[in-house]
Structure formats: C-alpha cells, structure tokens
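Let me begin by presenting the structure, written as structure tokens, before commenting on it.
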Amino acid sequence: IPGIHTTGYQPGPIYGDKYFRRVATDECSGPRRYFYSNVIHISTFSAFNAGSIFPELQYHLIGTAPTILSPLPSTHTSGGSTKYAYKWEKSLSASGPWVFIPGETNITYQPPISSDTAFYRREDRDIICGTIQYSNIAEIRAYHPLNPGDLEAQPCVYPGNIPALIESGHIGISGGVPPYTILWDSM
C-alpha cells in the first residue's frame with residue numbers, strides 16, 4: 001500500500017473480502033529483501049440484525065405458565081456471519097436494568113410461572129464479528145382470576161311494581177384484565 005510506513009494500518013471502507021499483511025525490511029537486509037507478517041483476512045458481511053420475538057404482549061393467569069417467547073417467523077436474526085449465539089434477559093421495567101437469565105441460550109424461551117409483570121428481550125450475538133443486537137421487548141402481565149363481585153338488592157317486590165336498583169355490594173369487580181365488559185342475565 002503506497003505511502004503507508006507505520007506499524008499499524010487503518011483500512012478505509014471495505015466492500016469485499018480483503019487480506020492484509022505487513023512487510024518489513026531493514027538496512028542490513030540488503031536491497032529488495034522483505035520479511036512478511038502473518039496474513040489477516042477481513043470478511044465483509046451484510047448488516048447484522050437482531051430477530052424479533054413474539055408475543056410482544058401477553059397476559060397469563062397467576063399460577064399458569066406464559067406462552068413461549070419465539071422468533072417472529074418473518075424476522076429471524078439475519079446478516080452478519082450467520083453464526084449466532086443467544087442470551088435471554090429479564091427486567092421488571094421496559095427500560096431496564098436488564099439481567100441475564102442463567103442458562104437460557106436458545107432461540108426460544110419459556111418464561112416461568114410468576115405473579116409479577118416482567119419484560120424480556122433476547123441478546124443476539126454474531127459469534128464471528130462479535131456484534132451484539134437486541135430483539136424487541138416482550139411484556140408478560142400476570143393477573144388474578146376474574147371476580148365478578150357481589151350484588152345487593154331489595155329482596156322482594158309486589159307484582160307490577162319496579163324493584164329497587166340492583167347494584168354492586170361490598171365486593172366490586174376485580175382481577176382479570178380490565179377494561180371489563182358488563183352483561184346482565186335474567187333467570
């Protein structure tokens with residue numbers, strides 16, 4: 001490479017595979033006697049992109065297992081060297097801090113049974129290039145079973161009269177996943 005006489009070399013943009021080596025000579029070696037370093041191969045790959053995971057939002061009843069977090073079929077990890085490694089992370093907030101989940105290195109992840117809302121993401125690493133990208137964030141919300149509450153009303157009415165308003169008693173609607181849809185049934 002003309003004009004480069006330093007021990008290190010900063011290549012410019014590369015658009016295809018390139019090989020580099022350093023050539024050295026000294027004053028005692030005589031004219032045109034060169035010594036060569038090892039050869040470095042720099043590969044070029046397409047842009048590395050983390051895959052997307054789904055479902056992005058799921059609700060699960062406390063005491064039951066959430067749905068497995070899986071790659072979104074149309075957006076698998078792509079590009080780079082195509083040699084990937086995965087690590088799953090968990091947080092109690094969508095903004096972190098994130099903590100690695102020990103031993104979880106598969107492309108999919110089965111979140112545990114939990115009574116808390118939690119957020120998950122996957123670290124996708126290009127093993128050859130060392131590049132790291134993160135998937136989207138999946139939120140898992142735990143909920144209690146739906147309780148329709150109790151009702152109170154005047155227990156009797158005379159034929160042809162309108163009863164008093166039937167209304168919520170001491171226990172309101174709770175649990176489940178709001179907003180609630182209210183329907184009435186007459187038996």
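This is a predicted model, so every value here is computed, not measured.
Side-chain contact of S93 with S91: a donor-acceptor pair under 3.5 Å is absent, judged by distance alone. For the residue pair Q133/N49, the side-chain donor-acceptor check at 3.5 Å is not satisfied.
Within the structure, ring-ring contact (aromatic ring centres under 6.0 Å, His included) pairs that include any residue of residues 130-150 do not occur (at least two apart or interchain). Pairs engaging residues 67-119 under the ring-ring contact (aromatic ring centres under 6.0 Å, His included) rule: F48-Y84, W88-Y109, Y109-Y120 [sequence neighbours left out].
Taking the side chain as every heavy atom from C-beta outward, I182 and I173 approach each other to under 4.5 Å. Residues P55 and L69 are in side-chain contact: their nearest non-hydrogen atoms beyond the backbone lie under 4.5 Å apart. In this structure the side chain of N136 never reaches within 4.5 angstrom of the side chain of R122, judged on heavy atoms. I171 places a side-chain heavy atom less than 4.5 Å from the side chain of N147. Contact of the S52 side chain with the S135 side chain is not registered, since no non-hydrogen atoms from C-beta on lie closer than 4.5 Å. Side chains of R141 and T117 form a contact here, defined as non-hydrogen atoms less than 4.5 Å apart.
In this structure, D150 contributes its side chain and H170 its backbone to a donor-acceptor pair below 3.5 Å. A distance-only check finds a donor-acceptor pair linking the side chain of Q58 to the backbone of T67 [under 3.5 Å]. Distance alone, capped at 3.5 Å, places no donor-acceptor pair between the N106 side chain and the T108 backbone. Under a 3.5 Å cut-off, the side chain of N38 and the backbone N or O of R21 do not form any donor-acceptor pair. Distance alone, capped at 3.5 Å, is enough to place a donor-acceptor pair between the D126 side chain and the I128 backbone.
Contact detail for A138 and I53: the closest heavy-atom pair is CB-CD1, 3.9 Å. Closest approach of P112 and P66 over heavy atoms only: O-CD, 3.5 Å.
Residues E89 and K87 are not paired through a salt bridge, judged by the lack of any N-O separation under 4.0 Å between the basic side chain and the carboxylate. In summary, R121 and E123 do not engage in a salt bridge, as defined by a charged side-chain N under 4.0 Å from a carboxylate O.
Rounded to the nearest 0.5 angstrom, I4 CD1 and Q10 CD are separated by 10.5 Å. Rounding to the nearest 0.5 Å gives a distance of 10.5 Å between CD1 of I42 and SG of C129. The distance from atom OG of S168 to atom CG of L151, rounded to the nearest 0.5 Å, is 6.5 Å. Atoms OG and CD1, from S114 and I62 in turn, are 8.0 Å apart once rounded to the nearest 0.5 Å. Taking CG from N161 and CD from Q154, the interatomic distance works out to 9.5 Å, rounded to the nearest 0.5 Å. Taking CD of E56 as the reference point, atom CD1 of I137 lies at 9.5 Å (rounded to 0.5 Å).
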- Evaluate side chain to side chain contact (heavy atoms under 4.5 Å, CB included) for K90 paired with V99, printing each intermediate quantity in order. CA-CA 5 Å; K90 176 183 178 180; V99 177; 5.6 Å; no
- Item | Full working for side chain to side chain contact (heavy atoms under 4.5 Å, CB included) between Y180 and L146 | CA-CA 10 Å; Y180 304 114; L146 180 62; 3.5 Å; yes
- Message: Working note: H41 + D17, criterion side chain to side chain donor-acceptor pair (under 3.5 Å); need CA distance, chi angles, decisive distance, verdict.
- Response: CA-CA 7 Å; H41 176 211; D17 285 9; 3.2 Å; yes
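By the criterion of side-chain heavy atoms lying less than 4.5 angstrom apart, applied directly or through intervening Ile, Leu, Val, Met, Phe, Trp or Tyr residues, L61 is grouped together with V177 in one hydrophobic cluster. In the hydrophobic clustering of ILVMFWY residues, with side-chain heavy atoms under 4.5 Å counting as a link, Y9 and I14 come out together. Cluster membership check: L165 does not share its hydrophobic cluster with W184, using side-chain heavy-atom separations under 4.5 Å among Ile, Leu, Val, Met, Phe, Trp and Tyr.
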